[in-house]
Every structure is written in structure tokens, then in C-alpha cells.
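Throughout, protein chains are lettered first and strands after them, A, B, ... in sequence-line order, and every chain is numbered starting at 1.
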Amino acid sequence: MLAAACAVAVAITMIRPENNVAAARRPAAFVEASSGHRLFLNRAQLNQAIASGTLDRPVKSMLAVPVPLRFGDYAWDDSGVPAGSTWLRIDLRSQLISVFRGGHEIGTAVIVYGADGLPTPTGRFPILAKLKDHRSSTYDAPMPYTLRLTGDGVAIHASSVLWGAATHGCIGIPLPFAERLFAAAHVGDEVEIVSGAKAAR
Amino acid sequence: MSVTDLALARERRGALAAGGVAIAAALSVATLSIPGMGQSVHVGIDKGLHGVQTVAAMLAERSPGTRSVGELALLKHKRQLALHQRALPKIRGPYTPPTAYQALATPPVAVPLVPPPQAPLFATAAGGPPEVIPPVGGVPGGSFGPPAFSGIPSPGGGGGGAFTPPIITTVTPQVPVTPAAPVPEPASWTMMLLGFGVMGAALKRRSDVGYRPARD
């Protein structure tokens, strides 16, 4: 059984160059390469990740996204992932968001974050509220699928994710990804915003 | 070593090489023919590759890269976005017209006037219908709403002819209805053009005097 799964993994690995080319040519969209393909971390990898500050809790598997995502791209695969606690890891430096459920990564996407003058805060935030059809009163702009993080308005919400774009401090994610994330996340779930790997603790 | 010996040695070496190739080929065929063998080899390599890849490397592999310092000011569409961003916080209130137009827009104020000291015009002891003085100085077009008191005669009082209702008239505020003209008046135009003409004529006369051809 394991051998068969690995064989599938091998097959995907072997056609990786073709995937690269296809990924480079296709329009910004869902990344299919990751479907049914995840990388299970061994003990050494997990220890290394925790020691280096990349992760702060046990993670069992990561989505295999061997191609660089472009702005507006996302990957989502929660097939076979059991129910569990959800948490989000957002790395401003690599401009990525990762959604974990029960220790397995189920989604990842490119984000846009706060401009230099309006930086996104880092740290751990619980999701304070979920607002599906939110409209910002401050900016008079629609912000669908808002997950509010702080009391002063920082949130994760759907946005046009473009190269060279930035926000006023929020985390902007692609709309279809935001829809999935909105369904997967709950009020109280933890969101960790980091900027690069933290120092080893 | 004679020439024939050399040739023999070459032949032997060639045979050895050929044998080596054949053995290698046979081995590879045997490896491939064993079911699962090739897979296990690949799986071993695969697991080894992913085993040494750190989580940070996995994330770096999919990352679009770090946002550089000046990146936000590089794009052409960025200028539009910046405009948009600057425009966003300006939330404007409801539009308030300028004062002159505002005065025009306000409805006329109904001011109850004190009845004149004289007796009413048609006050009869017989108790005729009390008359209402029509609005004095009302709006000619009547476009500012109905007068505050309609002139419909009441259907005959019960004989108490001494009573006269207070006369109510509509008073429109006297507003200067001539806003500043966006273009100059015709007189101004004429004056300006005339001035230009005079200036041109003066210059022409002067240049006629000054620049006479040399051979004259």
C-alpha cells in the first residue's frame, strides 16, 4: 500500500519538469500539481523545522508544491485529511500563507501584505470574527471573506493579489482561496504571522 | 612484444570491454525485470531527497520570493493603485451647494403679518365670507411651492362677521439671482478686442517707420 503510494509520488516527481513548463504557461489559478501529493515529514525534518523556528508545533505533512507560485496562485488539497484544529501560518518574507488542519497542510497561497509605511503586525492572533460580505467603512471597499485578527482592523480577506501590490496592513489572499479558507477556519483559530524564520528558541 | 602480440592484446581488451558492457546490460535488464525493484530504488532516492529537504526549503520552493524594498513603486499600474489608495481614505460627506444656490433652494418662509389697522375690505355685518387677501409679492411662477395659506374662502361663517383671519402671505427672500457669468460680457470682449486692435495698429505704424528697406 505504502509502496503504491510512493510509486504515485515517484511518477509525479518524475514528470516535474513538464509540470514546471505547464505551470509557467498557464494563467494564474489553482495549482493542480499538488493534488493527491503531499510530503510527510520525518522526525529529523520536524526537529529541524522547530529548531530553526520555521514551525512552532508538530506538523505531519506539507503540500508538495514544487513550482514557485505566482501572484494569485493557490493550492488546496484537504482530501483525506481528518478533522482537527486549524491554524494558519503566514510568512510575510516569503509572501505565503499555509493552512493546517490536524497537523496536515491543506492549503497554501501567495499573499499581499502591508506596505512599508503600513506594516502588517507579526505575532499570534486568534480569529476574532468571520465576516462573509464585509465592506470596510474605513476604506469604503468590499472585503469579502474577512477573518478579523485585531481590534484595530487587521484582517485576512480576499483581495486582488498582484505583483507590486500591498495593503494597509491586512493580509490579502485570492478570492477562491479565501472562500475555502473561510469555510475551513473558525473563530478562535490561531494565526501566526512571521516575517522569515524566527530565531531558534 | 611483436606486432601480432599487440594486435592480440587489443583483441583481448576489446573482448573484455564487450563482455563488461554485456554484463552491465544483463544486470540492468535483470534489475528492471524484477517486479518492484526499480520502484524500490526510486522510492529510496525519492525518500532520501525529500528526507533532506527542510520545511524552509519546501516553502522557499513555492515562494514567489521576497518583496524587495522599491518593488511597490516599480509598476505602471502601481501608480494607479497609489492614486486609488490615496483616494480611498477620503470619504466625503453629502454635497452642500454654495450659499447663493442654497438660498434659492430653500422654500419661501411664511411670515404671518399683522392685519392692517383699517377695517377689513369686505367685512360686512351680515356675516359674509371672510376674505383673504391674496399673497402680496408672491412668486410669479409659483415654482417655490404652494403659498402657505390657500385663498379658498371658507364656507360661510356662522354670522360672527367681526372676525378676520390673520393675513398670511408668502415672502420670498430677495436673492441676487445673477451669478457671475462664466464668460466675459460682450462689452468686455469688444473692449478687449478693440484694445488689441489699437495695440496692433500702433505697433504696425511704428514698425513701418523703423524698418525701412536699406536701398530706399
Side-chain angles (χ1 to χ4, degrees), chain A residues 2-4 6-7 9-11 13-14 31 34 39-42 44-46 48-50 52-55 59 62-71 73 75 89 91-96 98 105 108 110 112-113 115-116 136-141 160 162-168 196-197, chain B residues 27-96:
Chain A
L2 185 66
C6 290
V10 169
T13 313
M14 302 272 286
V31 176
S34 67
L39 306 171
F40 289 86
L41 304 186
N42 59 31
Q45 283 171 304
L46 183 59
Q48 196 277 337
I50 289 176
S52 66
T54 310
L55 299 174
V59 168
M62 301 284 292
L63 288 176
V65 186
V67 293
L69 296 172
R70 299 187 309 176
F71 282 84
D73 281 357
R89 180 187 184 273
D91 190 350
L92 305 180
R93 198 171 167 77
S94 60
Q95 308 190 74
L96 286 173
S98 291
E105 192 186 23
T108 184
V110 181
V112 287
Y113 60 99
D116 297 336
S136 166
S137 57
T138 310
Y139 301 112
D140 194 23
S160 59
L162 301 168
W163 184 83
T167 67
H168 287 82
Chain B
L27 269 176
S28 63
V29 167
T31 309
L32 287 177
S33 62
I34 297 169
M37 180 72 176
Q39 276 181 11
S40 65
V41 168
H42 282 300
V43 166
I45 292 168
D46 193 42
K47 282 187 85 172
L49 277 177
H50 286 140
V52 296
Q53 195 181 25
T54 62
V55 176
M58 289 176 199
L59 292 173
E61 204 175 34
R62 71 173 76 152
S63 168
T66 308
R67 193 174 77 188
S68 56
V69 175
E71 187 176 313
L72 296 180
L74 284 180
L75 277 182
K76 192 199 273 183
H77 86 262
K78 199 53 217 165
R79 262 171 265 155
Q80 295 167 0
L81 280 177
L83 277 175
H84 194 54
Q85 281 179 350
R86 273 200 292 277
L88 272 176
K90 288 185 194 164
I91 298 173
R92 299 178 181 184
Y95 173 71
T96 51

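Here the closest non-hydrogen pair linking B:Val55 and A:Gln45 is CG2-O, 4.4 Å. In terms of heavy atoms, A:Met62 sits closest to B:Leu59 at CE-CD2, 3.8 Å.
Listed by chain and number, the residues in a side-chain contact (heavy atoms from CB on, under 4.5 Å) with B:Ala60 amount to none (sequence neighbours excluded). Residues satisfying the side-chain contact (heavy atoms from CB on, under 4.5 Å) test with A:Ser94, not counting sequence neighbours, are A:Asp91, A:Leu96, B:Ser63.
Of the residues A:Asp116, A:Leu92, A:Val112, the one that meets the side-chain contact (heavy atoms from CB on, under 4.5 Å) test with B:Arg67 is A:Asp116.
Heavy atoms closer than 4.5 Å to chain B are found in both the backbone and the side chain of A:Gln95. At a 4.5 Å heavy-atom cutoff, A:Ser136 makes no contact with chain B through either its backbone or its side chain. Residue A:Phe40: no heavy atom, backbone or side chain, is found under 4.5 Å from chain B.
Interatomic distance, A:Leu41 CG to B:Met58 CE, rounded to the nearest 0.5 Å: 5.0 Å.
Side-chain atoms of B:Arg62 come within 3.5 Å of backbone N or O of A:Leu63 as a donor-acceptor pair.
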